**Student:** 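Please read through the structure below; I'll follow up with questions.
Position 1 is the first residue of the sequence; numbering continues from there. These figures come from a predicted structure and were not determined experimentally.
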Amino acid sequence: MLGTEASHDLDRLQVLIDVSATGTSGYQARDWLREHRCLDVGLADHRRVLATLSFSDDSSTADRLLDALRGWRSAAACFEPPAPICLPSPRDLQLDSVQLPRDAFFGATEMVAASRAGGRIAAEQITPYPPGVPAVVPGERLTPAVIDYLRSGLSAGMVLPDATDSTLEHIRVVA
């Protein structure tokens, strides 16, 4: 269990469920499953949830997952429409690196309103989870498209574990 492949060996079956056709979000499904069925999914995003089954699961735990999903689907008919996410094109997600990350992170910084951060150089990393890949790295020039994506995602239920301001009202930038 301590080898390099331990996680793979234990988490043998990952079930990715696209919920977008239901008119709800993966964030809404995740929250409902946790609150009403005490069931945590591994990941959730604006359109999917990921359930993981391992060698310790059996037909009873698989049945519990299916029952929870059926319950969520029935309840989802009464959900408010999910908050929209301003998802930019892959090209617009690519920020220009204009300063070394260490210089931006350890240099003089200031907090500015997110609405004024476009064009500024990021002094912090901001990583939407999932997928856990940074959208912003220190030293990159922020764009309104990426800021809108992160702020709208946060409003919809996205997790941003490393932002200096967890509300993303302000962003740490190079002074």
**Student:** Quick check: does any side chain N or O of Arg151 sit under 3.5 Å from a backbone N or O of Leu168, one acting as donor and the other as acceptor?
**Tutor:**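 Pair found, side chain donor or acceptor close to backbone of Leu168.
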
**Student:** Under a 3.5 Å distance rule, please check whether Gln28 uses its side chain to pair with a backbone N or O of Glu80 as donor and acceptor.
**Tutor:**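 Yes, Gln28 side chain to Glu80 backbone: donor-acceptor pair under 3.5 Å.
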
**Student:** Given 3.5 Å as the limit, does a donor-acceptor pair link the side chain of Asp58 with the main chain of Ser60, or not?
**Tutor:**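 Confirmed, Asp58 side chain pairs with Ser60 backbone.
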
**Student:** Just do the side chain to side chain contact (heavy atoms under 4.5 Å, CB included) check on His36 and Trp72 with the steps written out, would you?
**Tutor:** CA-CA 9 Å; His36 297 278; Trp72 159 78; over 6 Å; no

**Student:** Are Ile126 and Leu87 linked, directly or through other ILVMFWY residues, by side chains that come within less than 4.5 angstrom of each other?
**Tutor:**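 Looking at the clustering, Leu87 is in the same group as Ile126.
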
**Student:** Taking all non-hydrogen atoms of both residues, which atom of Tyr27 and which atom of Gly153 are closest, and how far apart?
**Tutor:**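 Scanning both residues completely, I find the closest heavy atoms to be CE1-O, 4.5 Å.
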
**Student:** Determine yes or no for a side-chain-to-main-chain donor-acceptor pair under 3.5 angstrom, with Arg64 supplying the side chain and Arg37 the backbone.
**Tutor:**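 The answer is yes, because a donor-acceptor pair under 3.5 Å joins these two groups.
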
**Student:** Do Met111 and Val136 share a hydrophobic cluster, counting only Ile, Leu, Val, Met, Phe, Trp and Tyr and linking them when any side-chain heavy atoms are less than 4.5 Å apart?
**Tutor:**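 Different hydrophobic clusters.
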
**Student:** In the single-linkage hydrophobic clustering (I, L, V, M, F, W, Y; side-chain heavy atoms under 4.5 Å), do Val15 and Val41 co-cluster?
**Tutor:**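 Yes, same cluster.
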
**Student:** Closest heavy-atom contact between Trp32 and Ala75?
**Tutor:**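 Closest heavy-atom pair between Trp32 and Ala75: NE1-CB, 3.4 Å.
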
**Student:** Taking the side chain from Arg120 and the backbone from Val174, do they hold a donor-acceptor pair closer than 3.5 Å?
**Tutor:**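 Answer holds: yes.
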
**Student:** Hey, does the side chain of Asp57 reach the backbone of Ser54 with a donor-acceptor pair shorter than 3.5 angstrom?
**Tutor:**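 Judged by distance alone, yes, a pair lies under 3.5 Å.
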
**Student:** Where the side chain of Arg172 meets the backbone of Phe105, is there a donor-acceptor pair that is under 3.5 Å apart?
**Tutor:**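 At least one qualifying donor-acceptor pair exists.
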
**Student:** Compare every heavy atom of Pro138 with every heavy atom of Ala104, then report the nearest pair and how far apart it is.
**Tutor:**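 Heavy atoms of Ala104 and Pro138 come nearest at CB-C, 3.9 Å.
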
**Student:** Under 4.5 Å between side-chain heavy atoms, hopping through other hydrophobics if needed: is there a path connecting Leu39 to Leu13?
**Tutor:**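 Cluster IDs for Leu39 and Leu13 match.
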
**Student:** Is a side-chain N or O of Asp96 found less than 3.5 angstrom from the main chain of Arg141, in a donor-acceptor match?
**Tutor:**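 Answer holds: no.
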
**Student:** With a 4.5 Å heavy-atom cut-off, do Leu69 and Leu33 have their side chains touching?
**Tutor:**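 Yes - at least one pair of side-chain heavy atoms lies under 4.5 Å apart.
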
**Student:** Could you point out which residue of Thr22, Thr24, Asp18 forms a side-chain hydrogen bond (donor to acceptor under 3.5 Å, both in side chains) with Arg47?
**Tutor:**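 The residue from Thr22, Thr24, Asp18 that satisfies side-chain hydrogen bond (donor to acceptor under 3.5 Å, both in side chains) with Arg47 turns out to be Asp18.
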
**Student:** Determine the minimum heavy-atom distance between Ala156 and Ala83, stating which atoms define it.
**Tutor:**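 Nearest heavy atoms, Ala156 then Ala83: CB-O, 3.7 Å.
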
